[in-house]
Amino acid sequence: MTKKNKLLLIDGSSIAFRAFYAIPGSLDRFVNKNGLHTNALFSFHRMLENEMSKEEPTHVLVAFDAGKTTFRHEFYKEYKDGRSKTPGEFKEQMPYLRDLLVGFGIPHYELDNYEADDIIGTLATQVDPNEYDVVVVSGDRDLTQLAKENVRVDITIKGVSEIEENTPAYLMEKYGLTPNQIIDMKGLAGDSSDNIPGVTNIGEKTALKLLHEFGSVEGVYENIEDMKKSKRKENLINDKEQAFLSKRLATIDVEAPLEVTVDDLVYKGKDVGKLIEFYKEMDFKSFLSKLDTKAYDEENQIEKAEILFEVVTEVKPEMFGKEGALYVEMLSDNYHTADIVGVTWTNGEKIYMAEPDFILAEPLFAEWLKDESIVKHVFDAKRTVVAMKRYGNEVNGIQFDVLLASYILNTNDNSKDLSEVAMEHDYYEVDSDESVYGKGAKIAIPEDPAVLYQHLARKAKAIEVLSKHLKTDLEKSEQSDLFFSMELPLSMVLAKMEMTGVKVNANRLLEMKSEFATRLTEIEARIYEEAGETFNINSPKQLGVILFEKMGLPAIKKTKTGYSTAVDVLEQLREQAPIVDDILQYRQIAKIQSTYVEGLLKVVHNATGKVHTRYVQTLTQTGRLSSVDPNLQNIPIRLEEGRKIRQAFVPSHEGWKMFASDYSQIELRVLADISNDTHLKEAFLEGQDIHSSTAMRVFGIEKAEDVTGNMRRQAKAVNFGIVYGISDYGLSQNLGITRKEAQQFIDTYFDKYPGVKQYMEDIVREAKDKGYVETLFHRRRYLKDINSRNFNLRSFAERTAMNTPIQGSAADIIKVAMIEMDKRLKAENLKATMLLQVHDELIFEAPMEEIPILEKLVPEVMEHAVKLQVPLKVDSNYGDSWYDAK
DNA sequence: ATAATCACG
DNA sequence: ACGTACGTGATTATT
């Protein structure tokens, strides 16, 4: 006997609506780049995946309600009246639901005058029960009337993933009814959501009782005379007509004149191309990366065009051309330590593949890498250069970086996975690393080397193809200069800084470690004593219980999961119990101990005693760098206790010094330039103390010496607020004043600096028009929420629109300075080396005798990196450690 | 994997 | 009325 077919029938209209409300608060979180809401699509997708993999149907259909009126309106025009209007955020998603279904390869159908129920009922009833098992999925209980021996009706309970499987047996157990009697129940009890009236004062409970006794609506009325006199009997008699009408309304038409038959519903599998298109349109990045195209292709015997390559075991000159792609594979993120597991390159004609141990020792290959005049296209230039260098090979002539270009084109594209980046640019021939190597602890090279080689060959090919495309895209968005003159050269400068690394005095850290350990034990003991018990001080949850329940301190702020025990809360409780001070002390030291002392010791390289951070150049939305493994951009400085950590950062040679230069007020200077505000420019041109100057204007003070410390402090907060995209609330929190007072400050500020006000208005308007904002050097940030109807999202996007050109232009400026600095150090033949960048400062190490040179050269270069309408100002310091360079 | 906290510009 | 300052990364606890 052949296997039975399985027909899956989905009530599209009902499920879509359920999907829309499935995830609480999802409306705000699911919006694509064009501002389209996607929450219903997301949940519908999840339901489809669940059902398809659970049921593995041979036939499938999604049925929709057609239009507003149905045959039911012909005999009851109030049918479905009184429904509240469907939200626009829901409606806008419906057209795209069709695209999703096309991607899943699932047919959909709707029929004039009929509802989805009727389509489903007709198909479920008409198929031969010997040939088909049927599963119906809906959010509407009415459909349970369709349950039969071969028909199961799945009704969503909560969201769209939890379902109740209704079989005749289940219905009998739960209600004591046959599927047909579900219709009678609606006849008596009605259904308010469909505006089916039923009988007055009869609900589900009473209807069940009546049906258990009389079997059906007809049965009830046949026996109505025998009922004893009651209000209910009266209602039944009065509403008799209504009861039969309701039953008729609730009856699913199983003979709808369908134009489709079950033979049209054979499931043929996903259309991966369409699905990818859909995911991209909706910004469903996780689905996109999870889409295992390789496994899928194999299963469906779709063969991707095989990429041809040659495995090199003996190098020949013709393998190396004047231009080509180069790719070096490593399986972990940290390229300072990762093993190279494969090397591939192209010569314009062929793709070559080689085992690293062999090829990296070949002189011909080394020469090719080193030759500046040979053009190389890569994916992640910095990663490539650093790794190669570790294996003794110098790489020159990199003229394109696909990863970096993709990030410049859209800062939202910050994936590190080549296949994801490729898909973002409509190239689908590369499998994800996850599908080839696995993930987590199980990450490994495929057993069959051919699999690895094919994967790498695809990457090489992708680099060739994408380099061309992205180059054109950069021209179109006027970002070629940004890419070729700033980002790509900078990546080489950063590579050098990372490889140089920073010397760490591990002994100093070990001293601190034992000192802090002692102090922590002391404080810990005091805390336990004051609490009257021991507990985990590091657990905000346990700490919350001790403070706010056991000790009865007032809870000032709450987090999603319980009491907040953050610093600003504890500071307010200081006076009320001595334990609070101890906890703050403990926190401060524990943080330094775990993150900085122990954390840093963990990442010092044994051989050199240095740390080698990685600057992530393709991550931030503003153009800043970030630093990982270790993060050297957040080493403590504000509190003396933590600042001492900097004593452990020392020069790598005897007699050398640490030298640091930082921009003074670079963001406000950038603002002065781009806003063109007369007074702000004037303040900088005259070299005034900017916060005092702001204080004078905002508080209406005539003479600088009359500005009090408090005024300056408040003006400083206002200036920060301006840079961040000010809000009254934010400023009020920062200054501990009321929102009204904060708003007063802001109004006065804008009054005194009309150019700044104008800038803020213009930039937000521009962002709303174009959908993005730009920096001085055409770095772009797209703001998808800028026209959102959600106040919070829109406000956030507006503040971002104000802040990004400021923060981003400042980032541009220091990047220019770094490139120039690198050139100058080389040109002047200096031993001094650039080690670190911390957003607005550069840190070097240099022999003492070069310090006087640096004191002139570094500020000179940094201050003249760009020409603004106001001068840039740089302060420099040096000392025996980073701590002393203050 | 996520939330809370806290370090930096 | 809504309810948050902009940009990051590491550690710890907890699910």
Side-chain angles (χ1 to χ4, degrees), chain A residues 28 286 411 414 439-440 535-544 557-570 583-584 586-600 602-603 613-616 619-639 641-643 645-646 662-667 671 717-735 739 742 746 773 781 789-808 810-811 814 836-842:
Chain A
D28 297 344
S286 61
T411 49
N414 43 25
K439 65 168 177 177
F535 63 101
N536 186 345
I537 308 170
N538 289 316
S539 160
K541 197 174 158 195
Q542 294 180 35
L543 181 60
K557 211 165 67 174
K558 286 212 151 201
T559 66
K560 272 181 226 166
T561 50
Y563 309 108
S564 169
T565 65
V567 200
D568 56 323
V569 173
L570 297 188
I583 289 164
L584 285 166
Y586 179 91
R587 279 247 181 98
Q588 198 198 324
I589 295 169
K591 175 82 180 180
I592 301 170
Q593 182 77 314
S594 66
T595 305
Y596 298 103
V597 178
E598 291 168 353
L600 223 40
K602 261 186 252 170
V603 291
T613 186
R614 272 147 43 227
Y615 289 104
V616 186
L619 184 139
T620 71
Q621 296 302 303
T622 54
R624 278 187 175 183
L625 301 173
S626 88
S627 157
V628 292
D629 246 6
N631 180 356
L632 294 182
Q633 291 182 320
N634 72 346
I635 303 299
I637 189 166
R638 288 170 196 171
L639 301 172
E641 210 71 279
R643 190 175 195 156
I645 292 288
R646 294 180 175 228
D662 68 296
Y663 282 112
S664 154
Q665 305 297 347
I666 188 168
E667 292 188 336
L671 175 62
V718 173
N719 279 331
F720 266 93
I722 292 292
V723 168
Y724 290 156
I726 200 149
S727 76
D728 54 359
Y729 182 85
L731 183 63
S732 74
Q733 287 297 297
N734 194 290
L735 282 176
R739 265 174 58 178
I746 296 167
V773 289
R781 180 175 189 176
R789 287 163 295 282
N790 178 298
F791 177 89
N792 286 329
L793 291 177
R794 190 178 62 247
S795 303
F796 185 33
E798 287 170 359
R799 291 197 296 275
T800 311
M802 299 185 239
N803 169 266
T804 296
I806 302 173
Q807 192 185 116
I814 195 166
L836 297 169
Q837 187 252 42
V838 191
H839 310 306
D840 65 355
E841 67 177 317
L842 296 175

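Chain letters run A, B, ... following the sequence lines, proteins first and then strands; every chain starts at 1. This is a predicted model, so every value here is computed, not measured.
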Margin query: In whole Å, I'd like the distance from the OH atom of A:Y586 to the P atom of B:dC6.
Written below: 13 Å
Notebook entry, point to check: Atom CG of A:D568 to atom P of B:dT5: distance rounded to whole Å?
Noted result: 9 Å
Next item on the list: Determine the Euclidean distance between corresponding P atoms of B:dC6 and C:dC2; express it in Å to zero decimal places.
Entry: 28 Å
Note to self: According to side chain to side chain contact (heavy atoms under 4.5 Å, CB included), who are the partners of A:S664, at least two apart in sequence or on a separate chain?
What the structure shows: A:R669, A:K873, A:D875
Check: Mind checking what makes side chain to side chain contact (heavy atoms under 4.5 Å, CB included) contact with A:Q733, not counting sequence neighbours?
Finding: A:Y729
Margin query: Run the ring pair (Phe, Tyr, Trp, His ring centres under 6.0 Å) test against A:Y586 and tell me which residues pass, sequence neighbours left out.
Written below: none
Check: For the pair made of CD1 in A:I537 and C1' in B:dA4, what is the distance, rounded to whole Å?
Finding: 17 Å
Check: Which letters describe nucleotides 10-15 of chain C, given B = protein heavy atom under 4.0 Å from base, S = only from sugar-phosphate, - = neither?
Finding: BSSSSS
Checklist line | Length of the line joining A:Y563:OH and B:dT5:P, which is rounded to integer Å | finding: 14 Å
Margin query: Tell me every residue that passes side chain to side chain contact (heavy atoms under 4.5 Å, CB included) with A:T411, counting only those two or more places apart in sequence or in another chain.
Written below: A:Y407, A:Q621, A:R781
Check: Taking A:T613 for the side chain and A:D629 for the main chain, is one N or O donor matched with an acceptor at less than 3.5 Å?
Finding: no
Next item on the list: For A:Q633 and A:Q837, indicate whether the former's side chain and the latter's backbone hold a donor-acceptor pair under 3.5 Å.
Entry: yes
Next item on the list: Identify whether any heavy atom of A:V567 sits under 4.0 Å from a base atom; if not, whether one sits that close to sugar-phosphate; answer base, sugar-phosphate or nothing.
Entry: sugar-phosphate
Note to self: With rounding to the closest Å, how many angstrom separate the C1' atoms on C:dA5 and B:dT2?
What the structure shows: 24 Å
Next item on the list: Take the protein atom CD1 of A:I645 and the nucleotide atom P of B:dA7, then report the distance between them rounded to whole Å.
Entry: 12 Å
Item checked: Whole-Å distance separating the CD1 atom of A:I589 from the C1' atom of B:dC6 -> 14 Å
Margin query: Tell me whether the side-chain N/O atoms of A:R638 come closer than 4.0 Å to OP1 or OP2 in B:dG9.
Written below: yes
Check: In whole angstroms, how far is the C1' atom of B:dA4 from the CZ atom of A:R587?
Finding: 9 Å
Next item on the list: Could you check A:L842 against A:Y663 for side chain to side chain contact (heavy atoms under 4.5 Å, CB included), going step by step and ending with a plain yes or no?
Entry: CA-CA 9 Å; A:L842 296 175; A:Y663 282 112; over 6 Å; no
Note to self: Going by the rule side chain to side chain contact (heavy atoms under 4.5 Å, CB included), which residues pair with A:A811 if we only count those two or more places apart in sequence or in a different chain?
What the structure shows: A:R624
Check: Between A:D840 (CG) and B:dG9 (P), how many Å, whole number?
Finding: 7 Å
Item checked: Within residues 796-805 of chain A or reaching into it, pairs that qualify as salt bridge (Lys or Arg N to Asp or Glu O under 4.0 Å) - sequence neighbours excluded -> A:K768-A:E798, A:R794-A:E798
Checklist line | Sequence-aligned protein contact record of nucleotides 1-6 of chain C, with B where the base is within under 4.0 Å of a protein heavy atom and S where only the sugar-phosphate is | finding: -BBBBB
Note to self: My understanding is that only residues two or more places apart in sequence, or in another chain, count here; which of them pass salt bridge (Lys or Arg N to Asp or Glu O under 4.0 Å) with A:E598?
What the structure shows: none
Next item on the list: Runs of at least three consecutive Watson-Crick or G-U pairs, both distances under 3.5 Å, are what I'm after; which ones involve DNA chain C?
Entry: B:1-9 with C:6-14
Margin query: My understanding is that only residues two or more places apart in sequence, or in another chain, count here; which of them pass salt bridge (Lys or Arg N to Asp or Glu O under 4.0 Å) with A:D662?
Written below: none
Margin query: Run the side-chain hydrogen bond (donor to acceptor under 3.5 Å, both in side chains) test against A:T800 and tell me which residues pass, sequence neighbours left out.
Written below: none
